[in-house]
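Bear in mind that the values here come from a model prediction, so they are computed numbers and not experimental data. Per chain, numbering begins at 1; letters A, B, ... match sequence-line order.
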Number of protein chains: 2
Amino acid sequence: MDSCTMEAGASGADQTLCPVARAQALVGDRFTVVILRELFMGNGRFEQLQCQADVTPQMLATRLKKLETLGLLERRAYSTRPLRHEYVLTPMGLAFHPVLLALRAWGETWLKSGEEKVAVRYVHNPCGADPGLGPTCQNCGEVMRRDDLTSTLDEAYAAERDKRWADFKPR
Amino acid sequence: MDSCTMEAGASGADQTLCPVARAQALVGDRFTVVILRELFMGNGRFEQLQCQADVTPQMLATRLKKLETLGLLERRAYSTRPLRHEYVLTPMGLAFHPVLLALRAWGETWLKSGEEKVAVRYVHNPCGADPGLGPTCQNCGEVMRRDDLTSTLDEAYAAERDKRWADFKPR
DNA sequence: CGCTCCCAATATGAAAACCATAGGGATCAA
DNA sequence: TTGATCCCTATGGTTTTCATATTGGGAGCG
């Protein structure tokens, strides 16, 4: 195993008192956040992650091990006979959701041409309305909690994902 | 200039419809987020950034150029005669604050030994109380907006930063 | 058994990113 | 002139990441 990839931040990022720097030392690379996004979307299988996060299997294996070691996710067997595992977020991993929500809001606001629609639309279950980009529901004002949200992919984004999977696994 | 460092996400991260992946393609490396943190703290000078973010000058220069190109910050002359610049966040950069807030909350919650105090304590100006880890003020319930917050560094964290600066610039 | 498919990784060598260190140009103070 | 400060660039070696191919266990099938 490549040791350096597994370490947090080499120099002193894991010793600083700054929580942002600490978090960044764990999560600050090109893949981890996107992998977490997939896990939040319910894709926990190796192949799916590799496809949708656009990661090489090596990087994926390394990241998953790291995240498991850190306690953000755990392996769970979804099939015993051909022993197969999927990756599931732990409470620590689930607690990361607000970061993704904030990143989504920023990306939707600043990184899109006006043409495009919101990639993932939510329904805020308690009030039944679209909560917007958050962090609070624009309709009822409550904080957007993951448990209270139902998500729907925009048609174009769903198509993009389907295509990726189709190209990844040619029939 | 090394071309690859400047590009977003190589393969297709800037073409995906997912705002998280897009944001991650810009910001997803070991330095950028910490640099942004420093800018939010008001440290806009090259040397300070280099010291507090623990980055080599080369990486820092590259990242600053990238962030300027992307529109998150701009160079501003703070001295004309020995022409010196500092780096200041634009609206697009300022809009990134919720992400740092979410990262801070996660880091404070999951990445600290119980011993340590909160590294940065806020006062929520409208209500005068400590808003907690957010995203809404635990006292008055309003969303934590950067403009409404006054920050104080914990003594230990302030000492850590002072020491870094002292070691960086030996008297 | 012999063959193939599926899924989850690993191996390997090449390419890119990154780091440590040193240096350079501009200004100013002594 | 000498030294000091600040911002940034250059060089060369180390580490990480990528692209591609391959392994290995188990199942299904003839």
Side-chain angles (χ1 to χ4, degrees), chain A residues 1-13 24-25 28-32 34-35 38 43-68 73 75-88 165 168-171, chain B residues 1-13 24-25 28-32 34-35 38 43-68 73 75-88 165-171:
Chain A
M1 175 183 304
D2 44 344
S3 60
C4 283
T5 306
M6 292 303 287
E7 289 168 23
S11 53
Q24 193 59 11
D29 62 67
R30 284 206 291 298
F31 310 117
T32 301
V34 181
I35 291 169
E38 283 306 309
N43 288 332
R45 317 260 267 246
F46 195 91
E47 233 183 355
Q48 290 177 318
L49 290 168
Q50 187 189 340
C51 167
Q52 297 296 343
D54 193 27
V55 194
T56 63
Q58 211 175 26
M59 289 293 96
L60 180 56
T62 308
R63 288 301 179 285
L64 290 172
K65 254 169 223 152
K66 176 173 176 176
L67 289 172
E68 190 184 4
L73 57 80
R75 279 156 50 103
R76 178 171 305 169
Y78 68 90
S79 156
T80 42
R81 250 175 344 333
L83 185 55
R84 293 286 147 76
H85 295 280
E86 65 183 340
Y87 297 89
V88 183
W165 184 247
F168 186 76
K169 294 186 74 75
R171 313 291 171 184
Chain B
M1 175 181 304
D2 43 345
S3 61
C4 284
T5 306
M6 293 303 288
E7 289 168 23
S11 52
Q24 193 60 10
D29 62 67
R30 285 205 292 299
F31 311 117
T32 300
V34 181
I35 291 169
E38 284 304 309
N43 289 332
R45 318 259 267 245
F46 195 91
E47 232 183 356
Q48 291 176 318
L49 290 167
Q50 188 189 339
C51 168
Q52 297 296 343
D54 193 28
V55 194
T56 64
Q58 211 176 28
M59 289 294 97
L60 181 55
T62 308
R63 288 302 180 283
L64 290 172
K65 252 169 225 152
K66 176 173 175 174
L67 289 173
E68 191 185 2
L73 57 81
R75 279 155 50 102
R76 178 172 304 168
Y78 68 89
S79 155
T80 42
R81 255 211 300 353
L83 185 56
R84 292 288 146 73
H85 295 280
E86 66 183 341
Y87 298 89
V88 183
W165 184 247
D167 292 348
F168 186 75
K169 293 187 76 72
R171 314 290 170 184

*Please give, in whole Å, the distance from D:dC6 C1' to B:Gln50 CD?*
10 Å
Could you go through nucleotides 23-30 of chain C and list every protein N or O atom that sits under 3.5 Å from one of its N or O atoms, giving the distance for each pair?
{"from": "C:dT27", "atom 1": "O3'", "to": "B:Pro82", "atom 2": "N", "distance (Å)": "3.4"}

*Answer yes or no: does a side-chain N or O of A:Lys65 lie under 4.0 Å from OP1 or OP2 of C:dT10?*
yes
_Between P of D:dT5 and CD of B:Gln48, the distance in whole Å_ = 15 Å
*Taking atom P of C:dC7 as reference, at what distance in whole Å does atom OH of A:Tyr78 sit?*
7 Å
*asked:* Treating B:Glu86 as the side-chain partner and B:Asn43 as the backbone partner, does any N or O pair qualify as donor plus acceptor under 3.5 Å?
replied: no
*asked:* Expressed as a whole number of angstroms, how long is the span from A:Ile35:CD1 to C:dA8:P?
replied: 14 Å
*asked:* Check this one for me: any side-chain N or O of B:Arg30 less than 4.0 Å away from OP1 or OP2 of C:dC19?
replied: yes
_Below the 4.0 Å mark, does D:dC8 have OP1 or OP2 next to a side-chain nitrogen or oxygen of B:Arg63?_
no
*Kindly say if B:Tyr87 contacts the phosphate of D:dC8, meaning a side-chain N or O under 4.0 Å from OP1 or OP2.*
yes
*Closest heavy-atom contact between B:Gln50 and B:Pro57?*
NE2-CD, 3.4 Å
*asked:* Just so I know, are the side chains of B:Thr32 and B:Lys66 near enough to count as touching, which here means a heavy-atom distance under 4.5 Å?
replied: no
*Below 4.0 angstrom from OP1 or OP2 of D:dC6, is there any side-chain N or O of B:Lys169?*
yes
*What integer distance in Å separates A:Phe31:CZ from C:dA16:C1'?*
12 Å
_Distance in Å, B:Lys65 NZ paired with B:Leu60 CG, rounded so as to fall on 0.5 Å steps_ = 10.0 Å
*Checking only heavy atoms, does the side chain of A:Gln58 share a donor-acceptor pair with the base of D:dC18 at less than 3.5 Å?*
yes
_Length of the CG-P vector between A:Asp54 and D:dC18, whole Å_ = 9 Å
*May I ask you to say what B:Glu47 touches in the nucleic acid, namely base, sugar-phosphate or nothing, with a heavy-atom cut-off under 4.0 Å?*
sugar-phosphate
*Nearest whole angstrom, please: distance from the P of D:dT5 to the CZ of B:Arg45.*
14 Å
*A:Phe168 has an atom CZ; how far is it from atom C1' of C:dC6, in whole Å?*
12 Å
*Please round to the nearest 0.5 Å and tell me the distance separating atom CZ of B:Phe46 and atom CZ of B:Arg75.*
10.5 Å
*asked:* Using 0.5 Å steps for rounding, measure from the CG atom of B:Leu64 to the CZ atom of B:Phe31.
replied: 12.0 Å
_Let me confirm one number: the CD-CZ distance from B:Glu38 to B:Arg45, rounded to the nearest 0.5 Å._
13.5 Å
